[in-house]
Engineer: 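Pasting in a structure now, in structure tokens, and then I'll have a few things to ask.
Here is the naming used below: chain letters follow the sequence lines, and residue numbers restart at 1 for every chain.
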Number of protein chains: 2
Amino acid sequence: MTDTARRPRRRASSDADKEERRRQLLAAAKTVFARKGFHAATIADVAREAKLSYGSVYWYFDSKDDLIHALIESEQEALRHSVEAAMRSAASDDPLAAVRAAIRATFVFFESDSRATKLLFRDALALGGAVEKHVHGIYERFIVDVERAIVAGQRAGVLADAPAHLAAYSVAALIGQLAQRRSQTDDGIDAEAMADFVVWFLMDGLRKRDPS
Amino acid sequence: MTDTARRPRRRASSDADKEERRRQLLAAAKTVFARKGFHAATIADVAREAKLSYGSVYWYFDSKDDLIHALIESEQEALRHSVEAAMRSAASDDPLAAVRAAIRATFVFFESDSRATKLLFRDALALGGAVEKHVHGIYERFIVDVERAIVAGQRAGVLADAPAHLAAYSVAALIGQLAQRRSQTDDGIDAEAMADFVVWFLMDGLRKRDPS
DNA sequence: CCTTGTAGATTGATTCATCAATCAGTAGTG
DNA sequence: CACTACTGATTGATGAATCAATCTACAAGG
């Protein structure tokens, strides 16, 4: 069905090979965990998906927890890279442009990979303590940036007074929930339109503006 | 610590007794599941918490799945009742009042019961298919109401044009995420102030309004 | 080039622990 | 006395983690 199907017969000897094998295992784990959920999925499932034996999984990862941990970390990094790249290439004259670009990149990222969505939103929560903190981290960085932008806007007199941190958290929460929803139900709205809706909603709210 | 501590010695014979015993088991399950999470919690934990024997749990519930299912259903009903009562007693002259009342009631409900929060937001997602649908249900009802209100507001010309369903979903998502956040971190904002912030944010957005 | 030695990658049967679910037995209640 | 709520030891299944055996890729010496 996917490119994962090619069975790796050759044994990994060089460091590059081993890294590649590790990547294959992470890819298999991503598929399996996204399909069945972390708890329901077994190491045997992952090994089967990766066309490797049960024991080999333990050659590359210490435990099932270690595996999901590494996986979530790598997905988070991918998302962060994607968002940061989008923000860098945004026009710098419009202060809203960077925000819009970041939000768009987020929706595009999740749209292009529904497995990542399930992983980050469903499984990350299903795990206790350690990972929960970890997931909080990915939000936190984003929230700090947004909060800073909001405060700047308030100083400049273009944004209303409001608890900036709470508002920033709300932005992140809304984006996350909508991204998750998109992975489950299709309402025919593409990722960029969705992002634009979010930006509009966050900026102007539901109440009709007087045309001034 | 709680009223759950009183050990039930007397055997439940009447229908009322049996219903009470069932309630006790649900209360115990709520405590245990909220503390350890659904997967990590065992039936033995629940039995111990309820001061009943292992086998008795199976006298009242068919399976562990049946138990969590019944529990989530009862929590959802409690939330729905609480919100509906608040809306009924809201002033009917201000169209925003009912919305504000509903949002307040939601935050108050979750604030008064952090176990319910964990249950509905963490465990419900960790479970697969059937329960996921079920949880979707509680949102859906709320969303339909909000959507209707939004459309009415748009007809009356006081709300901006926007995809009403998406906006309604956003409202629900924001409330849910913020309620969940409150159960984890305390930022010294009480439930009603939080609700008022949400209403303001949803209505007016971040951009400063012209004082007209 | 062709051995042949070896480190370490790969295997999967086995171990060990956990826990849901059952069931035969016990005792409270009407 | 009969009914049925209740008990908790037992069973059976599952699955994470281990480990001794096997195999392979590479290298060093002929």
Side-chain angles (χ1 to χ4, degrees), chain A residues 4 6-29 32-33 35-71 123 126-128 130-131, chain B residues 4 6-29 32-33 35-71 123 126-128 130-131:
Chain A
T4 330
R6 198 174 59 249
R7 90 182 332 139
R9 277 283 126 246
R10 180 178 170 82
R11 122 179 344 207
S13 50
S14 72
D15 279 1
D17 281 348
K18 284 161 72 172
E19 206 170 317
E20 171 62 18
R21 183 62 42 91
R22 196 184 146 91
R23 236 193 303 277
Q24 285 171 8
L25 276 167
L26 281 177
V32 170
F33 288 152
R35 183 165 55 226
K36 308 181 72 172
F38 175 69
H39 283 288
T42 71
I43 295 292
D45 289 331
V46 175
R48 206 174 305 121
E49 177 74 27
K51 310 270 195 222
L52 280 177
S53 78
Y54 189 100
S56 288
V57 178
Y58 282 90
W59 180 261
Y60 289 93
F61 298 94
D62 288 345
S63 64
K64 195 185 176 188
D65 273 354
D66 185 33
L67 178 57
I68 184 76
H69 202 270
L71 181 54
D123 288 332
L127 271 53
V131 182
Chain B
T4 330
R6 197 173 60 248
R7 96 184 323 141
R9 278 283 127 244
R10 182 178 167 81
R11 128 185 330 211
S13 49
S14 71
D15 279 1
D17 280 348
K18 284 162 70 172
E19 206 171 317
E20 171 62 19
R21 183 61 41 88
R22 196 183 146 93
R23 236 192 304 277
Q24 285 171 7
L25 276 167
L26 282 177
V32 171
F33 287 153
R35 183 165 55 226
K36 309 181 70 172
F38 176 69
H39 283 287
T42 70
I43 295 292
D45 290 330
V46 174
R48 205 174 305 120
E49 176 74 27
K51 311 271 197 219
L52 278 178
S53 78
Y54 189 99
S56 288
V57 177
Y58 281 91
W59 181 261
Y60 289 93
F61 298 95
D62 287 345
S63 66
K64 196 184 177 189
D65 272 353
D66 185 31
L67 178 57
I68 184 75
H69 203 269
L71 181 54
D123 288 332
L127 270 50
V131 181

Engineer: Counting only side-chain heavy atoms from C-beta out, which of C:dA9, D:dG8, D:dT18 sits nearest to B:Y54?
Structural biologist: D:dG8

Engineer: Going by side chain to side chain contact (heavy atoms under 4.5 Å, CB included), name the residues that satisfy it together with B:H39, two or more places apart in sequence or in a different chain.
Structural biologist: A:H39

Engineer: Please report the distance, rounded to the nearest Å, between CD1 in B:I43 and C1' in D:dT14.
Structural biologist: 16 Å

Engineer: D:dT7 C1' sits how many Å from B:L25 CG, rounded?
Structural biologist: 14 Å

Engineer: Report yes or no: is the cationic atom of A:K64 (NZ for Lys, CZ for Arg) closer than 6.0 Å to the six-membered ring centre of A:Y58, at no more than 45° off its axis?
Structural biologist: no

Engineer: Hey, which of these two, A:F38 or B:G55, hits DNA chain D nearer its 5' end, going by closest nucleotide?
Structural biologist: B:G55

Engineer: Look at the side chain of B:R11 and decide which nucleotide, out of D:dT4, D:dT7, C:dT11, has an atom nearest to it.
Structural biologist: D:dT4

Engineer: Does any donor atom in the side chain of A:T42 or A:D45 lie under 3.5 Å from an acceptor atom in the other side chain?
Structural biologist: yes

Engineer: With sequence neighbours excluded, tell me which residues meet side chain to side chain contact (heavy atoms under 4.5 Å, CB included) with B:A70.
Structural biologist: B:R22, B:L26, B:F61

Engineer: For DNA chain D, what residues of residues 56-64 of chain A have any heavy atom nearer than 4.0 Å?
Structural biologist: A:Y58, A:S63, A:K64

Engineer: Scan B:A41 against the nucleic acid and name what it touches under 4.0 Å (heavy atoms): base, sugar-phosphate only, or nothing.
Structural biologist: sugar-phosphate

Engineer: Does B:D123 reach the main-chain N or O of B:F38 with its side chain, forming a donor-acceptor pair under 3.5 Å?
Structural biologist: yes

Engineer: Between A:L52 and A:V57, is there a side-chain heavy-atom distance shorter than 4.5 Å?
Structural biologist: no

